[in-house]
Student: 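One structure follows; several queries about it will come next.
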Amino acid sequence: MNNLHDNLREATNIDALLVQLSANPYFDMLSSYSIGQLGLYYLAEYADKYGYNVKVKYYNSFDVVSEVLPELISRTSCRIVGFYVDSENVWALRDLIPSLRKSSPQLHIILGGPQVTGDPYGTMQLVSNVTCGVIGEGEVPFLKLLQAETLDEEVLKGIDGLLYYDSSQKLTVTKPQKQNPHIDEYGYPKREKYCLDPDRITFPQLITGRGCMGRCAFCYEGGREHTQLRVRSIESCLEEIDYLVRTYDIKYINLVDDTFILNRKRTEEFCNRMIDKYQGRIKWYCEARADILSKNIDILPLLKQAGLVKIQLGGESGCQEILDAYKKGVTLGELEFVTRKIAEAGIPYIYVNFIIGGAFETESTFSRTLDFAKKLMHIAPGHVEISSSVFTPTPGSPMYNHPEEYGLKIIDKRSIRGASCSFVFAETEHLNQYKIWQLRNKFNNEIDKEYILLLENISHEQLMTIFNLSTKFSIDTSWSNLLKGKAHYRNYFEPLARGGFYSFSEISIDDIFSAIPLRTTHLSSDGVAFYRIKRSGEYVKNSNLENALITLSAGKLTFRDIFNMIKANRALLTEEDNLFDECLSIYKEFERELSVIWKKI
């Protein structure tokens, strides 16, 4: 509460307040932090260049927004409040704005974001009593709204990219905005300057370009007549990364462009600059197209050297005819080829999502998609992370506008029955909503089983990488979460990742006698003898020598101590000349079983 009051004092006498409202209690419970909505901070940054004081406020579903937001508006004396609107919070705003209007009748309320841009008329009809909505990018319209002394109809109709109710209560749309091709002019947002919630918001993301060259039928971008990709200069991007590292001590950055790797020359320049500046110490994620990567496969080692640790490929379906219907522009062969090459290049993670219940889906196409997803996992165990989403009709997309052309019937156009991608909003000609939901659950269950099945196929090097990224960079995936829940893997690899411990193969012959072995696994017993438990779960009865080595490797004795104790016990000796080699051979087996790690003195 003290932090809130401190922030309120800092925010007195502002020109506008921009609100990020999360309305999903399940998501909000996952963490006490939320990722800042960068679009709002871009608006604040652009307004700041013209002398306007704009702040960004975050609320979630556990905040009593109808009480605390009017208090903030009163304290700050702001005359404009802007809301970022998506398919989830639009319902919360429908209830919030009437009470906000009642408490602050002179307030101008502006809506923007993907829901307004994709479904402008539907959004304005659902969320009434607002001044206007902004369609598309918000920097220029928002600035003009700030600059206007009054926001009457005469002013609104002169600003491009707006939607509002005129004096006859008719929804009116002004001329479309002209996109600025030089987005470096917008700069990048100095997050801490505008954020009123430094203790609740994180900023791990960065935008290097706007727009998308794809024409995917399920995406809003695929429905646009003109999709213009505009990118920032590498100099500007690197300056922002320096800012994030310096200000927030960020070690892992998400490049959230729809497709980062499009222009090879620009990608190479970015990588080389990252290598010169950070030598791979800053890790990053990006999205990419399999068709583009397949033609530039030799760039993968450079991406890895520059710090790339996770790359997202659009999978969508395991059926080529459905990919073609989606207008993805990629082939299953390209996805397989690129997946294999990314793993071979040593890039740790490949994220692939598949849509369940989409265009022309049948039980047969579902089965082919599930089989293809498993195939990708087998191509690169420990690398490929598979997820699924249920088809959600995105306002403005071709599949939303013309579902019949894709064998679909939309039964819930506003997605009121659940969170986007997480429930059934459409049926296909062959699958009703209940069957689609059953298949989605089957997909997730089968993929979970595949993760477990493939654990022993993950290379030692990849296992080490998984724990290193989790321990040192807090980069977690389904693989790391599963492995950390398995004692064999967690107790062996986590100490190695944290430092100070070594695997057996890292201990030289010259150092072996002074090194201290530490058992990382529990033993079992049948009441007569000890048994080792392999990482596969198999129980193995120890020989006398194995028993001596595993029990004495408790982190207290050096190998010299252990070796001398065994030599003094004649019952353990076979041929004394071979004892040393036998011990080393057994420790090598312990390493394969993830049973013993070592400490150097």
Student: Compute the ring centroids of Phe270 and Phe260, then answer whether they are less than 6.0 Å apart.
Tutor: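 Yes.
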
Student: Just wondering, more than 12 heavy atoms not from Phe27 lying within 6.0 Å of its CZ?
Tutor: no

Student: Can you name the side chain to side chain contact (heavy atoms under 4.5 Å, CB included) partners of Phe62, sequence neighbours left out?
Tutor: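 Phe62 satisfies side chain to side chain contact (heavy atoms under 4.5 Å, CB included) with Pro25, Asp28, Met29, Asn60 only.
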
Student: Can you list the residues that meet the side-chain hydrogen bond (donor to acceptor under 3.5 Å, both in side chains) rule with Glu429, with sequence neighbours excluded?
Tutor: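 For Glu429 there are no side-chain hydrogen bond (donor to acceptor under 3.5 Å, both in side chains) partners, ignoring immediate neighbours.
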
Student: I'd like to check the salt bridge (charged side-chain N to carboxylate O under 4.0 Å, His left out) partners of Glu363; sequence neighbours left out, ordered by chain and number.
Tutor: Lys435

Student: Using the ring pair (Phe, Tyr, Trp, His ring centres under 6.0 Å) criterion, which residues pair with Tyr186? Sequence neighbours excluded.
Tutor: Tyr46

Student: What I want to find out is whether Arg289 reaches Glu316 closely enough, with some N-O distance under 4.0 Å, to be called a salt bridge.
Tutor: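 No salt bridge links Arg289 with Glu316.
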
Student: Regarding Lys413 and the six-membered ring of Phe425, is the cationic atom NZ or CZ under 6.0 Å from the ring centre and inside 45° of its axis?
Tutor: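 No; the conditions do not both hold, so Lys413 does not lie above the ring face of Phe425.
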
Student: Verify whether the ring centers belonging to Tyr326 and Phe218 lie closer than 6.0 Å.
Tutor: yes

Student: Please identify each residue that fulfils side chain to side chain contact (heavy atoms under 4.5 Å, CB included) with Glu336, with sequence neighbours left out.
Tutor: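 Partners of Glu336 by the side chain to side chain contact (heavy atoms under 4.5 Å, CB included) criterion, ordered by chain and then number, come out as Phe372, Lys375, Leu376, Ile379.
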
Student: Looking at residues at least two apart in the chain, or sitting in another chain, which of them share a ring pair (Phe, Tyr, Trp, His ring centres under 6.0 Å) with Phe467?
Tutor: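 So Phe467 forms a ring pair (Phe, Tyr, Trp, His ring centres under 6.0 Å) with Phe493.
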
Student: Which of parallel (below 30°), tilted (30 to 60°) and perpendicular (above 60°) describes Trp479 and Tyr451?
Tutor: perpendicular

